[in-house]
Number of protein chains: 2
Amino acid sequence: MQEGIVSQDTAVDDSLGETTLLDRIRELILGGDYKPGTALSEVRLAEYYAVSRTPVREALKQLQIEGLVEIRPKVGTFVREITRREILEMFEVKETLEGLAARLMARRGQIPELDTLRTNVEASELAVLRNDSTAYANLVHEFHETLITGSDNLKLAQHYRTLMNQLAYHHLVLTSVQHPGRLSRSTAEHRQVLELITAKDSVGAELAMKDHVWASSREVMMDSVSRQDRN
Amino acid sequence: MQEGIVSQDTAVDDSLGETTLLDRIRELILGGDYKPGTALSEVRLAEYYAVSRTPVREALKQLQIEGLVEIRPKVGTFVREITRREILEMFEVKETLEGLAARLMARRGQIPELDTLRTNVEASELAVLRNDSTAYANLVHEFHETLITGSDNLKLAQHYRTLMNQLAYHHLVLTSVQHPGRLSRSTAEHRQVLELITAKDSVGAELAMKDHVWASSREVMMDSVSRQDRN
DNA sequence: CAATACCTTCTTGCATGGTAGAAATCCTAT
DNA sequence: ATAGGATTTCTACCATGCAAGAAGGTATTG
């Protein structure tokens with residue numbers, strides 16, 4: 001029925017198999033397929049995903065709450081431009097939340113996540129030696145994720161993930177050119193955090209983690225400056 | 001009260017003048033009018049507020065994201081029961097976020113919010129002398145709110161407010177019986193934070209603030225225990 | 001009396017038609 | 001040619017109809 005309308009040009013019934021519509025659109029924004037300023041029309045998205053406007057609308061509304069899109073009433077929905085200041089603000093919050101995670105995890109003592117962390121750091125050190133930056137990027141993601149889950153605080157995890165989505169952190173790390181010495185320094189910082197957590201030094205782990213996040217934020221911010229200058 | 005959602009069929013157009021439907025429902029939950037477990041039917045709310053199901057549905061969906069209600073697919077929407085563990089988790093995050101706010105505000109130096117804070121502390125000290133607990137509760141709220149805005153970090157403010165909504169903090173503070181000596185101690189802690197911020201001692205301010213939040217969380221948790229025992 | 005199958009009645013979920021408003025475009029007049 | 005006003009065409013928004021699933025009560029059967 002709809003095929004007559006949509007089959008021609010766009011709509012290859014992208015039939016969201018398992019992934020939800022919301023995740024689908026979010027990934028497209030985070031992946032940079034929808035650049036800031038792009039209009040996200042309800043009807044076009046509905047046609048493209050072969051659903052009605054209602055679920056599309058719901059997804060867009062949540063994306064607005066997450067801060068990824070801006071809905072201008074009676075005008076349209078657009079991919080938001082994240083300002084440099086916002087990124088700075090988010091890194092400040094990220095630093096604090098991850099510091100808390102390190103402290104909480106240190107307090108817990110012997111937990112399985114500790115082994116995961118140790119394995120991760122060792123793999124990271126190998127990745128640095130092999131200069132395998134893509135493997136390294138994934139390991140970094142896993143390290144931070146393990147820390148969050150290891151803190152055993154669901155509310156913390158929730159706020160953290162919301163923040164990371166808005167930051168498009170994964171995208172930031174991947175696109176930003178890692179400075180030469182940074183990889184080894186970053187891994188050393190990871191190891192230090194790990195050792196402090198193992199030693200159950202909660203305040204030390206918190207401080208070390210905050211320092212680490214601050215240092216890596218500096219790197220990313222420098223890259224984002226140069227990227228911004230090119231525009 | 002107990003009949004809750006629908007009074008009669010006579011939809012008393014509670015015509016949400018300026019406040020949005022979302023805020024309206026949220027306040028009712030936070031105010032305790034809708035107790036945990038209460039079913040929030042789309043149709044009944046729609047009739048009651050004289051709108052269609054669609055905006056009601058949108059509001060409920062956001063409330064789910066905020067963690068205030070739980071939507072069980074094809075079953076119904078219910079006011080969530082906040083567990084004791086969740087409250088503990090939220091206080092841990094609250095402590096960290098407010099600590100960050102104190103640090104950031106201390107870093108900023110001479111700003112108008114500093115005067116607001118000083119005026120607030122002085123008023124609080126007077127309220128303690130007069131044993132005016134309702135005035136004190138409002139001043140506490142203002143103190144923390146000023147700190148957050150004074151940090152000049154919108155992302156921090158956003159996460160903080162979401163957290164406070166979920167905690168139903170205002171309700172917690174108002175219903176919980178403040179322990180005798182707590183008021184004066186709490187005010188003294190406020191003053192200490194203020195002085196440290198004034199002295200631009202950012203790390204000191206952060207630690208003092210974290211201690212303060214931790215102390216007051218202990219008070220609230222003790223009360224919430226006794227309340228839970230009564231059920 | 002107990003257990004099970006069915007049936008009624010709720011619920012949310014999705015699709016779609018109509019509306020108001022904003023913005024861009026075109027048309028007219030100076 | 002340019003400025004201003006009417007109009008057309010988008011947009012999000014809201015109301016409502018319809019369908020599918022979950023739950024509870026009831027009747028029937030062992």
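If you're wondering where the values come from, they're calculated on a predicted model, not measured in any experiment. So that the names make sense, note that chain A is the first sequence line, chain B the second, and so on, each numbered from 1.
Between B/Ser41 and C/dC10, a side-chain N or O to OP1/OP2 separation shorter than 4.0 Å is absent.
The side chain of A/Ile71 lies closest to D/dA12 when the candidates are D/dA12, C/dC14, C/dG13. Listed nucleotides C/dA22, D/dA12, C/dT16 differ in distance to A/Thr77; the shortest reach to its side chain belongs to D/dA12.
Atom NZ in B/Lys74 sits about 11 Å away from atom P in C/dT12, given to the nearest Å. Rounded to an integer number of Å, the gap from A/Arg53 CZ to D/dA15 C1' is 12 Å. Note: CZ (B/Arg44) to P (C/dC10) measures 9 Å, nearest angstrom. The separation between A/Leu40 atom CG and D/dT11 atom P is 12 Å, rounded to whole Å. Across the protein-nucleic acid pair, B/Phe78 atom CZ and C/dC10 atom P stand 15 Å apart, rounded to whole Å. One atom, CZ of B/Arg57, and another, P of C/dA15, lie 11 Å apart when rounded to the nearest Å. We find that CD of B/Gln64 is positioned 12 Å from C1' of C/dT12, with the value rounded to whole Å. Distance CG (B/Leu22) to P (D/dC14): 13 Å, rounded to an integer number of Å.
By the 30° and 60° cut-offs, the orientation of the rings of A/His212 relative to A/His190 is perpendicular. Taking the six-membered ring where the residue is Trp, A/His159 and B/His159 present tilted rings, their angle falling between 30° and 60°.
To the nearest 0.5 Å, the span separating CD on A/Glu206 from CD1 on A/Ile197 amounts to 11.0 Å.
A donor-acceptor contact closer than 3.5 angstrom is absent between the side chains of B/Gln62 and B/Glu58.
Residue contacts for A/Leu60: at a heavy-atom cut-off of 4.0 Å it reaches no nucleic acid atom on any strand shown.
Where B/Thr54 and B/Glu42 meet DNA chain C, the nucleotide closest to each residue was compared, and B/Glu42 sits on the side nearer the 5' end. Looking at which nucleotide of DNA chain C each of A/Val75 and B/Val43 is closest to, the 5′-most match is held by B/Val43.
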- Given side-chain contact (heavy atoms from CB on, under 4.5 Å), test A/Lys61 with B/Lys61 step by step and report yes or no. CA-CA 10 Å; A/Lys61 193 126 196 192; B/Lys61 195 131 194 189; over 6 Å; no
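Between the side chain of B/Arg72 and the base of D/dG21, no donor-acceptor pair under 3.5 Å is found.
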